[in-house]
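Down below is the structure, laid out as structure tokens.
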Amino acid sequence: MVKKKKYRKISHFPNSLLFKPFGAKIKYIDEIVLTIDEFEALRLSEVYNLKQKEAAKRMWISQPTFNRLISSARRKIANAIVNGKTIRIEVKK
């Protein structure tokens, strides 16, 4: 039986949902999908410089879950920058 996904608090939605390398045609570039949860974890950790415990509390999740989100987001962002890929932020409603 699959465990039901718990609600995660997202305080800020991005103004832009797509970032691509300068001068590249979008149809010729690979895409990395960043979930809204990963975006929020990245925002709290890197922009607001919060500790994982405090950031996890703000998102209403556990610290280990926050750690998995931030690690995944950082890997995806690094992959996109190093390999020249498009980053799309996926917002599911």
With clusters defined by side-chain heavy atoms of hydrophobic residues (ILVMFWY) lying less than 4.5 Å apart, directly or transitively, does [Y] cluster with [X]?
{"X": "Ile61", "Y": "Leu34", "value": "yes"}
{"X": "Leu42", "Y": "Val82", "value": "no"}
{"X": "Phe19", "Y": "Ile32", "value": "no"}
{"X": "Leu69", "Y": "Tyr48", "value": "yes"}
{"X": "Ile77", "Y": "Ile29", "value": "no"}

Review point. According to the salt bridge (Lys or Arg N to Asp or Glu O under 4.0 Å) rule, which pairs have a member within residues 56-71, sequence neighbours left out?
Key: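 For residues 56-71: Glu54-Arg58.
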Review point. Pairs in or reaching into residues 75-84: which pass salt bridge (Lys or Arg N to Asp or Glu O under 4.0 Å), with residues at least two apart or in two chains?
Key: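 Of all non-adjacent pairs touching residues 75-84, those that pass salt bridge (Lys or Arg N to Asp or Glu O under 4.0 Å) are Glu38-Lys76.
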Review point. At what distance, to the nearest 0.5 angstrom, does CD1 of Ile10 lie from CZ of Arg43?
Key: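 Answer for the CD1-CZ pair, Ile10 versus Arg43, is 8.5 Å.
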Exercise for review: Look up atom CD in Glu40 and atom CD1 in Ile70, then write down how far apart they are to the nearest 0.5 Å.
Suggested key: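 These two atoms lie 10.0 Å from each other.
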Exercise for review: Measure from the side-chain N and O atoms of Ser45 to the backbone N and O of Ala41, and report whether any donor-acceptor pair falls under 3.5 Å.
Suggested key: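 Not confirmed, Ser45 side chain does not pair with Ala41 backbone.
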Check your understanding: Any Lys/Arg nitrogen of Lys20 or Glu31 sitting under 4.0 Å from an Asp/Glu carboxylate oxygen of the other?
Key ->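 Between Glu31 and Lys20 there is no salt bridge, as every charged N stays at least 4.0 Å from the carboxylate O atoms.
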Review point. Got a sec, which residues hit side chain to side chain contact (heavy atoms under 4.5 Å, CB included) with Glu90, two or more places apart in sequence or on another chain?
Key: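 Glu90: side chain to side chain contact (heavy atoms under 4.5 Å, CB included) contacts with Val33, Arg88, Lys92.
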Non-hydrogen atoms of [X] and [Y] that approach each other most closely:
{"X": "Pro21", "Y": "Lys85", "answer": "CD-O, 3.8 Å"}
{"X": "Phe39", "Y": "His12", "answer": "CE2-O, 3.6 Å"}
{"X": "Ser16", "Y": "Ile89", "answer": "O-CD1, 3.8 Å"}
{"X": "Ser62", "Y": "Thr65", "answer": "OG-OG1, 2.9 Å"}

Review point. Would a 4.5 Å heavy-atom cut-off, applied to side chains only, mark Ser72 and Thr35 as touching?
Key: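 Not in contact.
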Exercise for review: Taking the side chain as every heavy atom from C-beta outward, state whether Thr86 and Asp30 have any pair of such atoms under 4.5 Å apart.
Suggested key: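 Side-chain contact under 4.5 Å: no.
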